[in-house]
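Keep in mind that this is a model prediction, so the values were computed, not measured. Ligands are counted one by one from 1 in listed order, and the atoms in each one are counted from 1 as well.
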Amino acid sequence: MKILIVFAHPEEKSFNAAMFQTAIKTLAKEGHEVKISDLYKMNFDAVSGKENFTILKNPEYFKQQEEELYASLDNTFSVEISAEQEKVEWCDVMIWQFPLYWFSVPAILKGWTDKIFSMGKFYDNGKIFNTGYSVGKKAMLAITTGGPEKNYVHDKYGDIHSILFPISRGIFEFLGFSVLKPEVVYSVERLSQEQRKTVLDNWAQRLKNIDKEKILN
Ligand code: FAD
């Protein structure tokens, strides 16, 4: 399979980086083709605006989605955006690896989302969910949290699937992706070194069978 891993952590010795490297190594060893977007290393500019485009349809009044529709006609997206869009179009499976920030993605990954998934190319009027352009592809979240698992329940932080719903439903499924179970490592800083090693081993084991995984409904 063709697998894109989008990685959003600024520290290459972090546990997220260890998960990212484990995924690259394991998937390649299993014979999958792997492409990556290491957003901090790329110094990805997360600010979405006029610079997304090489020419503007309406320089007098900027409306991002209208410019996206226009840019889709002749591929007049910026070089950086175009390169990322090609990776998403190329992949069968997309994995996002990041630490949970404010119950969401780090800003650099939010900016990547705002810029890459443009109207006309990844969704359109009537082309969402099961008619979206990414139908047939799968997506998975691989995240770490600071908070412990016992707090991710309804009457405390909220359960993790509700917290991740804006991403899994509002981005992945909206675009047509089928969603795999998220890989969630709770309270990673409080685990022992031994426990963290086991987490990485289990992560590698899961990835070895990624092609056989059932989607979440
Ligand atoms: P690290 O601190 O990098 O790693 C943890 C430990 O693992 C370290 O001791 C490291 O040395 C060790 N390690 C690294 N590599 C390996 C390896 N190969 N084998 C074994 N051990 C290894 N948390 C929440 O729960 N909810 C939130 O909403 C939330 N919001 C946040 C918002 C912001 C802005 C920030 C900065 C943090 C927030 N957090 C939140 C906490 C955050 O999610 C955690 O700090 C993060 O998930 C920890 O992951 P890490 O990769 O940075 O851990």
For [atom], closest protein heavy-atom neighbour:
atom	value
atom 12 (C) of ligand 1	Arg196 NE, 3.5 Å
atom 36 (C) of ligand 1	Tyr101 CE1, 3.6 Å
atom 23 (N) of ligand 1	Gly146 N, 3.1 Å
atom 39 (N) of ligand 1	Leu100 O, 3.3 Å
atom 14 (C) of ligand 1	Lys13 O, 3.3 Å

Next on the checklist: For Phe44, does the six-membered ring have the charged nitrogen or CZ of Lys115 within the cation-pi criterion, i.e. under 6.0 angstrom from the centroid and within 45° of the normal?
Outcome noted: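 Yes.
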
With heavy-atom distances below 4.0 Å as the criterion, list the atoms of ligand 1 near [X].
X	value
Trp102	27 (C), 28 (O), 29 (C), 30 (N), 31 (C), 32 (C), 34 (C)
Gln193	20 (C), 21 (N)
Ser14	3 (O), 14 (C), 15 (N), 51 (O)
Thr144	43 (O), 46 (C), 47 (O), 48 (C), 49 (O)
Ala18	15 (N), 18 (N)
Phe103	27 (C), 28 (O)
His9	50 (P), 51 (O), 52 (O)
Val188	48 (C), 49 (O), 53 (O)

Item to check | Proximal candidate to atom 45 (O) of ligand 1 [heavy atom criterion; set Glu194, Arg190, Glu189] | outcome: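 Heavy atom nearest to atom 45 (O) of ligand 1 belongs to Glu189.
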
Next on the checklist: If you take the nearest heavy atom of each of Phe15, Tyr186, Tyr152, which one is closest to atom 25 (O) of ligand 1?
Outcome noted: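 Nearest option to atom 25 (O) of ligand 1, by heavy atoms: Tyr152.
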
Have [X] and [Y] got a donor and an acceptor in their side chains that come within less than 3.5 Å?
X	Y	value
Trp203	Glu183	no
Lys110	Ser104	no
Gln65	Tyr123	yes

Next on the checklist: Is it true that, when you exclude Asn209 itself, more than 12 heavy atoms of the residues, nucleotides or ligands shown sit nearer than 6.0 Å to its CG?
Outcome noted: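 Yes, because the 6.0 Å sphere around CG of Asn209 holds more than 12 heavy atoms from other groups.
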
Next on the checklist: Working to the nearest 0.5 angstrom, can you tell me the gap between Ile3 CD1 and Leu207 CG?
Outcome noted: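 Those atoms lie 7.5 Å apart.
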
Heavy-atom donor-acceptor pair, [X] side chain to [Y] backbone, under 3.5 Å:
X	Y	value
Lys137	Val88	yes
Gln97	Ala17	no
Asp74	Thr76	no
Thr144	Val185	no
Glu68	Ser118	no

Checklist entry - Does Glu11 have a non-hydrogen atom less than 4.0 Å from ligand 1? => result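 It does not; every heavy atom stays at 4.0 Å or beyond.
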
Checklist entry - Is atom 41 (C) of ligand 1 less than 4.0 angstrom from some protein heavy atom? => result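 For atom 41 (C) of ligand 1 the answer is yes, since some protein heavy atom falls inside 4.0 Å.
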
Checklist entry - Do any non-hydrogen protein atoms sit less than 4.0 Å from atom 9 (O) of ligand 1? => result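 Yes.
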
Next on the checklist: Under 4.0 Å, heavy-atom basis, I'd like to know which part of Leu200 is in contact with ligand 1: side chain, backbone, both or neither.
Outcome noted: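 Within the 4.0 Å criterion, Leu200 contacts ligand 1 through side-chain atoms alone.
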
Checklist entry - Can you check whether Asn16 has an N/O within less than 3.5 Å of an N/O in ligand 1? => result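 Yes; the residue has a nitrogen or oxygen that sits under 3.5 Å from a nitrogen or oxygen of the ligand.
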
Checklist entry - Where does the angle between the aromatic ring planes of Phe98 and Trp96 fall among parallel (under 30°), tilted (30 to 60°) and perpendicular (over 60°)? => result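 Geometry flag for Trp96 against Phe98: perpendicular rings.
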
